[in-house]
2 protein chains.
Amino acid sequence: MNIEKRSGCPINLSLEIMGDKWSLIIIRDMMFGNRRHFRDLLTHSQEKIASNILAARLKHLLSVGLISKQDDPSHSQKAIYSLTEPAIQLVPLLAMMGGWGRKHLPVTPELSIRAELLENGGPVMWEKFMSELRDIHIKDPIGGASGKVVSPVLIDLTAAYRQICATMAETD
Amino acid sequence: MNIEKRSGCPINLSLEIMGDKWSLIIIRDMMFGNRRHFRDLLTHSQEKIASNILAARLKHLLSVGLISKQDDPSHSQKAIYSLTEPAIQLVPLLAMMGGWGRKHLPVTPELSIRAELLENGGPVMWEKFMSELRDIHIKDPIGGASGKVVSPVLIDLTAAYRQICATMAETD
DNA sequence: AACAACCAGTTGCAAATCGCAATTGGTTGG
DNA sequence: CCAACCAATTGCGATTTGCAACTGGTTGTT
């Protein structure tokens with residue numbers, strides 16, 4: 001993760017810090033799945049990231065200021081990872097990326113329900129979601145990680161996800 | 001460029017085809033710089049891509065359907081690369097990525113003027129630009145590559161870019 | 001016809017990165 | 001005391017990256 005500087009173009013600089021196959025996956029899981037611990041991110045993701053790569057990416061994301069890290073008071077060994085303001089402002093980008101993928105790529109329905117809801121919700125929903133993310137990642141990261149503070153939009157998104165998964169299972 | 005399939009999540013699938021440091025740079029140059037030939041993309045980009053990597057990426061982008069390739073009638077050896085409809089629909093994503101980078105990263109002013117104009121123009125400008133891209137990449141790729149068919153939005157963007165570059169040079 | 005400049009790539013090779021599996025040193029709860 | 005869990009780290013082979021040089025061919029000029 002050396003600091004290159006190919007050019008000062010905004011798109012290039014963005015790609016230099018998140019233009020790889022894992023960084024945005026991790027941010028996605030923290031953002032939409034509220035995965036806040038190493039073990040959570042390691043095991044509960046669809047894409048089966050390796051532990052050394054997860055460690056390297058987290059270090060990288062920390063170094064570029066997209067996430068923050070703090071001790072979990074409930075468990076001296078646990079660390080809580082949280083999104084920073086710049087990462088929260090990636091919500092529209094991820095929403096659009098999801099929308100684009102849903103339109104042009106062979107997505108599976110149960111995994112794209114979140115993207116669909118977020119796309120339909122539009123900028124108004126994005127703003128609401130971002131505001132809630134600030135509550136559980138910046139204002140009260142500990143409460144947010146433990147589930148004591150919640151995000152209604154996040155609950156809606158995961159509820160819809162669970163429902164569609166149940167429907168799919170039923171038809172088997 | 002093997003075909004993985006880590007998951008059917010829209011964001012993941014999008015990252016699997018453009019989640020690297022070069023694919024979107026190439027699409028950016030084709031889109032905003034109207035670079036349509038191998039040599040053009042190789043030499044006129046800020047980031048100095050190596051020729052073997054450019055060749056590999058173009059092959060990859062062709063295989064996933066983001067660009068198309070055809071012979072240049074004016075030169076039997078030249079090939080014209082054009083954006084396909086899915087790639088043109090990345091305009092909002094690239095606009096947002098530029099906007100995000102401009103806000104959070106140490107961009108250079110002359111290279112971010114395009115991102116700023118595109119951001120200020122909003123969805124209305126994006127649609128207009130996309131419509132013009134369809135003219136010069138899909139409807140008449142040969143005329144578009146040779147400059148016989150033009151995109152007014154593109155001209156505005158590059159004019160502003162040239163003007164800012166001139167202003168910067170003046171102050172040296 | 002000769003020749004330089006240009007065309008889209010390819011090849012060889014060293015360095016860096018990726019990804020899997022196993023392991024580390026420590027903490028927690030029963 | 002011990003099994004389960006915690007955030008990583010290590011070893012190592014496979015893959016990818018990036019540089020430099022080169023290939024076989026075309027075009028424009030003289």
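Letters A, B, ... are given to chains in the order of the sequence lines, protein chains preceding strands, and every chain is numbered from 1.
- Side-chain polar atoms of A:R35 and A:S45 form no donor-acceptor pair below 3.5 angstrom.
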Please step through side-chain hydrogen bond (donor to acceptor under 3.5 Å, both in side chains) for the pair B:S151 and B:E132, ending with a clear verdict. CA-CA 5 Å; B:S151 154; B:E132 294 174 4; 2.4 Å; yes
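- Spacing between atom CD of A:Q70 and atom P of D:dC6 amounts to 18 Å, rounded to whole angstrom units.
- Distances shorter than 4.0 Å separate none of the side-chain N or O atoms of A:K48 from OP1 or OP2 on C:dC18.
- In this view, B:D140 and B:I142, B:V149 satisfy the side chain to side chain contact (heavy atoms under 4.5 Å, CB included) rule, not counting sequence neighbours.
- Atom pair B:K21:NZ and C:dA16:P shows a separation of 16 Å (rounding to whole Å applied).
- Counting side-chain heavy-atom gaps under 4.5 Å among Ile, Leu, Val, Met, Phe, Trp and Tyr, the cluster of B:I155 also holds B:V150.
- A straight line from CG of A:N52 to P of C:dC18 spans 10 Å, rounded to a whole angstrom.
- Counting heavy-atom neighbours within 6.0 Å of A:E85 CD, excluding the residue itself, gives a total above 12.
- Along DNA chain C, the nucleotide nearest to A:D20 and the one nearest to A:S74 differ in position, and the one closer to the 5' end is contacted by A:D20.
- Phosphate proximity of D:dT17 to B:W22: absent, as no side-chain N or O sits under 4.0 Å from OP1 or OP2.
- Legend: ring-ring contact (aromatic ring centres under 6.0 Å, His included) pairs involving residues 81-118 of chain A, not counting sequence neighbours, sorted by first then second residue: A:W100-A:H104.
- Nearest nucleotide to the B:R57 side chain, out of D:dT17, D:dC6, C:dA8: D:dT17.
- One atom, CG of A:L58, and another, P of D:dT9, lie 11 Å apart when rounded to the nearest Å.
- Atom CD1 of A:I49 and atom C1' of D:dA7 are 14 Å apart (whole Å).
- Partners of B:D40 under the side-chain hydrogen bond (donor to acceptor under 3.5 Å, both in side chains) rule, at least two apart in sequence or in another chain, do not exist in this structure.
- Closest to the B:K59 side chain, of the nucleotides C:dT10, D:dA8, C:dA8, is C:dT10.
- In the set D:dA7, D:dT17, C:dC18, C:dC18 carries the atom at the smallest distance from any side-chain atom of A:I53.
- Rounded to an integer number of Å, the gap from CD1 of B:I80 to P of C:dG9 is 13 Å.
- Contacts with DNA chain D (heavy atom under 4.0 Å) in residues 29-41 of chain A: A:H37, A:F38, A:R39, listed by number.
- In this model, the phosphate group of D:dT27 is approached by a side-chain N or O of B:S76 to a distance below 4.0 Å at OP1 or OP2.
- Taking only side-chain nitrogens and oxygens, B:K78 never comes nearer than 4.0 Å to OP1 or OP2 of C:dG9.
- Atom-to-atom, CG of A:L54 to P of C:dA21 comes out at 17 Å; the value is rounded to the nearest Å.
- Nearest heavy atom pair, residue A:H37 against residue A:D72, reads NE2-OD2, 3.1 Å.
- A 4.5 Å side-chain heavy-atom check between B:L15 and A:K21 finds every atom pair outside the cut-off.
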Can you tabulate the close N/O pairs, meaning under 3.5 Å, that link protein atoms to atoms of nucleotides 21-24 of chain D?
from: D:dG24; atom 1: N2; to: B:Q77; atom 2: NE2; distance (Å): 2.8

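- Counting heavy-atom neighbours within 6.0 Å of A:K148 NZ, excluding the residue itself, gives a total of 12 or less.
- Nearest nucleotide to the A:A50 side chain, out of C:dC20, C:dC7, D:dC6: C:dC20.
- Computed from coordinates, the A:D71 CG to C:dT27 P distance equals 12 Å when rounded to whole Å.
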